[in-house]
Every structure is written in structure tokens, then in C-alpha cells.
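On a predicted model such as this, the values are computed, not experimentally measured, just so you know.
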Amino acid sequence: MSAPRERPRAGDLLDWYDRHARDLPWRVGPRARAEGVRPDPYRVWLSEVMLQQTTVAAVKSYYETFTTRWPTVQALAAAEDGDVMAAWAGLGYYARARNLLKCARAVAGDHGGIFPDDHATLLTLPGIGRYTAAAVSAIAFDRPEVVVDGNVERVMARLHDEHTPLPQAKPLLTDFAARLTPDTRPGCYAQAVMDLGATICTPRNPACGLCPWRRSCAAWQAGTATELPRKAPKKRKPTRLGIAYLARRVDGAWLLERRPDSGLLGGMLGWPGSDWGDDPQEAPPIRAEWKTLTEEARHTFTHFHLRLTVRTALLPMDRRPDRGEFIELPDFRPSDLPTVMRKAFDLAHAGMRKS
DNA sequence: CATTCGTGGCA
DNA sequence: TTGCCAAGAAT
């Protein structure tokens, strides 16, 4: 027989958080909070949107760029769409950037520039779902919302040694999380559980020996922590083919195209090209002598691999494109492109320098 | 409920 | 090299 498990206590986790809270750019730490410093809801929201399915390491520089360039929600609401999309380039999931602007404009226009402080109203805003509404509500406004992200799912699955696979187990894990959420310091608690998941209760090689909830953890007792949470098997990614046309005018301008708002890389700048599939058809955006690079650009998206054939051409000043528009050099920065388009540019740029 | 939607780091 | 994973939302 195993020793009876103690019920996990929010207070134990808060004590751990007071000692081990990570210093993150968007975070008001437990010490400052105790001194009465409140987080800026705009910054909490911005960081939470950036952190959706994205690592802290990847977010940091983008967060700095955005808060420096657009320090308030009003400033962001007044930004040009293209500037925001360019600033988001490389971070991925570009619907987030489109919704970020929609949300900023809704807050500035419909809410007097003040972020709503309740879960239900936050949920009505673009790009804010269950998790983000709860996180902003808890972290920025210290409301006892049940915050359930991937970290919390993992921590709860292990605490309860729950083997039901996700996403089926989600309601149950949410229920577990709800029973633990305290009324005192809910903002710190929300961040504490996520920190625990990010630094101790990690997917691989969890540091159970350092966990403040170890004595309460059923998976620790059962030795099943690394197996949890279970997840439904993933599908294998198919490979799609495509053709990109990179045209450079003699003055150095490049021919680019704004992608439609919906779908893959929506709203982003990109190279004109074919569709992406099993048998892509030629679709040159301008009459030219196209040369094909020996190396193709390879990129993996969420649900497929892409092999992109890169064709390049040098064009005179007076040639008019059928699609897209030439962007002159000071206005065009490769860093404004989503990664797959930047890969194609890097190949073309290297190739055209050689010849 | 299942699918779509990026990217980089890591084992 | 391949698969897995990260503070999910929208449809």
C-alpha cells in the first residue's frame, strides 16, 4: 500500500513561486505586486497573444519591438496594417497579428481605450479565446479565473495520474484546475502553475525532485509522469510542391504580393507563385526570362512539408507586372517576410550574387 | 469534435 | 533526419 497523498495546496505553489518566479519582460513579479505594482493590461494581453503556441525565447524580441514601437493600445490601434504584419513576420500564426489589430481597434473604439476587466467581455474580442480571456483576467485584474493552457493540462494530468488522452481529457483536467484555483493572489497563482509546467513539470525529464507538489502528485507515486499527458496520435505530414517567382528590377526593387487575409500566411507579404500541391502549375507574375535555382527552398508548416522551386529574373524598369508590385530597396526588408518567403529570398539573393 | 494555422529548438 | 513540443483561436 502506498502512503496517502496530500491534497495539493495552492499556497505551496505560491511559496515556490515567490522564491523561483522567472523574470520575464512582461511580468510584474510577486515582490513588485506585493508593493502594489499592477501589470499593464495592454502588455499582459500582448504577451499572452504572442505566447500562444510560442516559446518564451521566441517571443522576447518581438515583445520588445512591439512595446517600444506601440507603447499603448491606442498607438497599436492607429498603426498601419502592413507595419504590424511586418513586425510580426517570423513569429508565425499570422492570424494572431490580424486579430491583434482588430482587437486593439475594438478596445480603442468600443471600450474607450480601456481593456475590459472581465472574462466574458474579453472573450468577445478578436483573437481572445478561453485561455487568453482567463489569463488576462487573472494576471492583469487579479480575478480567480481558471487558466488552462498546455502547462496546466500537463500538471493536472500528472497530479491526478490521468491517462485519458487529450483532447478528450480537457474538460476533466479543467475541472481539476478549477478545484485548485485560489481566491487569494489568483494572478500569481496562474503564472505559478505555468512556470511550474515550464521549468519543473516539463514534458520530458521533469524535475520531480524539485517540485513543490511532489507529495501530492499521483504520477510521481506511480512513476508515470513522463508518459503524461497522453495525446491522440498525430497524422503524418504530406509534402506539397510549389513555384515562387522572385523578380528583381534593375534598380534593385523586388516584385512582391500581399497575400489574402484568409488562409495560410494570410495578410503577409510574399513572392508571387503557383498554388502549393501535388502538381503546381506555372504562374509567372510578369513576362521574363526565368532562371531556376538548383536548390529549392524547403520549409515545414504545421500540417505539411513544402518544397518550393525558386525561379528568378532580372527586369528592366519599364516592364509592368500582371500581379504584385515592385517594392524599392529602402522599403523592402527580408525580415518583413514570413520565414518560408525569406528562405526563398536567401537562396535567390545568394544565387544572383554569384552570377 | 476535427482541421487549419508557423516557427525554431531539441532529443 | 524525424518527430515532438510551446502561455490556442477560429471555423
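Side-chain N/O atoms of A:T54 and A:R96 include a donor and acceptor closer than 3.5 Å. Of the N and O atoms on the side chains of A:Y131 and A:E48, at least one donor lies less than 3.5 Å from an acceptor on the other residue.
A straight line from CD of A:E153 to C1' of C:dC5 spans 13 Å, rounded to a whole angstrom. Computed from coordinates, the A:H303 NE2 to B:dG6 P distance equals 8 Å when rounded to whole Å. Spacing between atom OH of A:Y62 and atom C1' of C:dA7 amounts to 18 Å, rounded to whole angstrom units. Rounded to whole Å, atom P of B:dT7 lies 12 Å from atom NZ of A:K237. In this structure, A:H305 places its NE2 atom 7 Å from P of C:dT2, rounding to the nearest Å.
Where A:Q168 and A:Y93 meet DNA chain B, the nucleotide closest to each residue was compared, and A:Q168 sits on the side nearer the 5' end. Mapped onto DNA chain B by nearest heavy atom, A:K343 and A:P167 fall at different nucleotides, with A:P167 at the one closer to the 5' end. Projected onto DNA chain C by closest heavy-atom contact, A:R236 and A:G127 fall at different nucleotides, the more 5' of which corresponds to A:R236.
Between the side chain of A:W254 and the backbone N or O of A:F326, no donor-acceptor pair lies under 3.5 Å. Remark: side-chain polar atoms of A:R143 are not paired, donor with acceptor, to backbone N or O of A:H119 under 3.5 angstrom. Put simply, the side chain of A:R240 never gets that close to the backbone of A:F304: no donor and acceptor are under 3.5 Å apart.
Rounded to whole Å, the separation between the C1' atoms of C:dC5 and B:dC5 comes to 16 Å. For the P atoms, the distance linking B:dC10 with C:dA7 amounts to 15 Å, nearest Å. On the C1' atoms, B:dG6 is 15 Å away from C:dC4, given to the nearest whole Å.
Considering only the side chain of A:P203, C:dA6 comes nearest among C:dA6, B:dT3, C:dA9. Candidate nucleotides B:dG8, C:dC4, B:dG6 were compared by shortest atom distance to the side chain of A:R342, and B:dG8 ranks first. Listed nucleotides: C:dA7, C:dC4, B:dG6. Nearest to the side chain of A:K234: C:dC4. Candidate nucleotides B:dG8, C:dA7, B:dC5 were compared by shortest atom distance to the side chain of A:W26, and C:dA7 ranks first.
Residue A:T339 places at least one side-chain N or O under 4.0 Å from the OP1 or OP2 atom of B:dT7. Between C:dA6 and A:K231, a contact under 4.0 Å exists linking OP1 or OP2 to a side-chain N or O.
Contact check of residues 50-59 of chain A against DNA chain B (heavy atom, cut-off under 4.0 Å) returns A:Q53, A:T54.
Tracing side-chain contacts under 4.5 Å through hydrophobic residues (I, L, V, M, F, W, Y), one never reaches A:W220 starting from A:L13; they form parts of separate clusters.
A centroid separation of less than 6.0 Å is found between the aromatic rings of A:H299 and A:F301.
Contact of A:R22 with C:dA7 (side chain to base): a donor-acceptor pair of N or O atoms is detected under 3.5 Å.
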